[in-house]
Amino acid sequence: MGELNSFKIAQEQIKAAAQKLNMPASVYEILKQPMRVLTVAIPVEMDDGSIRVFTGYRAQHNYAPGPLKGGVRFHPEVTLEEVMALSMWMTFKCAVVGLPYGGAKGGIACDPRELSPGELERLSRGYIQAIAPLIGPEKDIPAPDVYTNAQIMAWMMDEFSKIRQYNAFGVITGKPVSLGGSLGRHEATARGCAIVIREMAGVLGLPLEGARVAVQGFGNAGSIVARLLHEMGCRIVAVVDSKGGAFDPQGMDPAKLAAFKARTGTVKGFPGSKNITSQELLTMDCDILVPAALENQITAEVARKVRAKIVAEAANGPTTPEADGILRQKKVMVIPDILASAGGVTVSYFEWVQNNTGYYWTEEEVNGNLERIMVRAFREVYDMYRQHRDVDMRVAAYMVAIRRVAEAMQVRGWLGQKACTSWQREAKTA
Ligand code: NAD
């Protein structure tokens, strides 16, 4: 398990980037844990009249760059340690794309599939009552994550608004469009991922026309990445979901795949395709591999067999640290999760901006601004990677991100008077 402890992995990633930038030790000492964590007990009346007490968490990693931002996860295996690690990743995901936020994350240990809609609503409202002192449009702005959705965000926003006695649309993002949600939010993670894949293919000289793409996971992120890459001319040669997969070297139409999955519950058995397993997909001969399912899918054993030229991490944490080293040796270009999956939080930021100004954008405006931010972030990470030849794209992304957070801490005076050192001079001349 040691290798796969998310909290330790997050600490190692921060340490590697901070050392590479010769930052003062205080930067790592501050960033190696969340600045504030809260554990709450939430009593909920169940439909049978009994009371069940659920445990919930909110971890706030670092507020130097601005208000805190991060999703709320409903899952039976949610732990404080996991929520803490996820809050750390959120700080760097926001910083790598230059959003004015620090990272946070929340969660409740529960199985939402076992709860009735009424129980789910009471649990969601109880969680907001419990964490209300910590959150707010200018303090900490939750969002959806695993097993939470727009309806849950609507209940949470409503509960917070009742407590504060005004319509606090900006307290939560990922809301329904009818309640201040943003157009384009549903597709944003996938769109951001497709944009950075296109940029990476460009710098590698890999034509997208006819490029062979394999996608692991055919949910929100995976199915839309497949559709957008197909629109850019790529051939979608393999997709898998939790029940099985489909392979066709001629390429498959993602719209037809999605319609087939909507009918049958899986992409397995798609007409004209051969069955393929998740493991076979990860190691197949292709140009672009998009892990868009779960964490720790590309293990060292898988990495040794990966044949793709580009791995774009739409999922959070799909590659283990050991596998990362192997991919680097094999010169596979990995677009790390904090960059490749940052489109979602970027459009969440747009939602918050729209809520705060009361002026709502068209979908073209949302997509245009997302394109601009993702292209700029890719360029900054790629330039950092080119400048420091001994780092991979992941460390480069952390370097871009940590430099931003450290600058914010330094000018706030958190690092002391002597902190303007080589990393800042380097930043000014870069
Ligand atoms: P989702 O639940 O919509 O889809 C997940 C997909 O993965 C499903 O098709 C499921 O069948 C498949 N899957 C599950 N286990 C699998 C297995 N063992 N092998 C192959 N496929 C399997 O989830 P999503 O929103 O698309 O999120 C996917 C990943 O992207 C997660 O890591 C998530 O944290 C990350 N992510 C999502 C967003 C977003 O806005 N949706 C934002 C950032 C990161």
Side-chain angles (χ1 to χ4, degrees), residues 6 69-75 78 82-83 85-87 89-90 92-94 96-97 99 103 105 107 112-113 142-150 153 173-175 181-182 184-194 196 214-228 238-247 254 257-258 260-262 264-268 270 275-284 289-299 302 312-319 335-351 370 374:
S6 305
K69 187 92 193 80
V72 180
R73 176 171 290 202
F74 285 6
H75 194 278
V78 163
E82 179 192 49
V83 170
L86 291 164
S87 76
W89 279 322
M90 277 309 296
F92 304 111
K93 193 181 282 198
C94 292
V96 81
V97 283
L99 305 182
K105 203 81 180 188
R113 289 165 301 189
D145 193 68
V146 175
Y147 294 152
T148 53
N149 55 27
M153 298 306 111
T173 61
K175 301 181 295 297
S182 179
R185 174 65 184 87
H186 178 65
E187 295 198 348
T189 302
R191 189 171 290 279
C193 185
V196 291
V215 183
Q216 187 202 33
F218 205 70
N220 175 271
S223 66
I224 302 175
V225 171
R227 197 194 82 214
L228 295 171
V239 296
V240 290
D241 58 37
S242 58
K243 296 190 183 136
F247 166 69
L257 275 164
F260 181 79
K261 185 174 162 114
T264 64
T266 175
V267 292
K268 185 179 173 184
F270 182 67
N275 291 348
I276 186 169
T277 66
S278 208
Q279 292 294 301
E280 286 166 345
L281 176 139
L282 294 172
T283 56
M284 67 180 281
L289 173 63
V290 185
L294 306 169
E295 344 35 277
N296 299 323
Q297 294 298 296
I298 305 182
T299 58
V302 171
E313 296 181 335
N316 282 310
T319 309
I335 312 177
D337 50 5
I338 60 166
L339 175 61
S341 72
V345 71
T346 303
V347 175
S348 268
Y349 163 62
F350 298 162
E351 180 176 334
L370 176 63
M374 294 305 300

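Hydrogens, waters and symmetry mates play no part in the numbers below; they use all other heavy atoms, side chains included. Counting convention: from 1, in listed order, for ligands and their atoms alike.
Residues that satisfy the side chain to side chain contact (heavy atoms under 4.5 Å, CB included) test with Pro254, not counting sequence neighbours, are Ala226, Arg227, His230, Ile236.
For ligand 1, none of its N or O atoms has an N or O atom of Ser341 under 3.5 Å away. For the pair Asn316 and ligand 1, the shortest N or O to N or O distance falls below 3.5 Å. Below 3.5 Å of separation, one finds an N or O of Asn220 facing an N or O of ligand 1. On a distance-only criterion, Gly219 and ligand 1 share at least one N/O pair closer than 3.5 Å. Annotation: Phe218 places an N or O atom under 3.5 Å from an N or O atom of ligand 1; distance criterion only.
Side-chain atoms of Thr319 and Glu313 form a donor-acceptor pair, as typed in the model, at a separation below 3.5 Å.
In Thr189, the part holding a heavy atom less than 4.0 Å from any atom of ligand 1 is the side chain. Contacts between Ala293 and ligand 1 below 4.0 angstrom, taking non-hydrogen atoms only, involve backbone and side chain alike. At a heavy-atom cutoff of 4.0 Å, ligand 1 is contacted by no atom of Ala188, backbone or side chain.
Taking all heavy atoms of Ser223, Gly192, Ser242 into account, the minimum distance to atom 11 (O) of ligand 1 is reached by Ser242.
Distance screen at 4.0 Å: atom 15 (N) of ligand 1 has a protein heavy-atom neighbour inside the cut-off.
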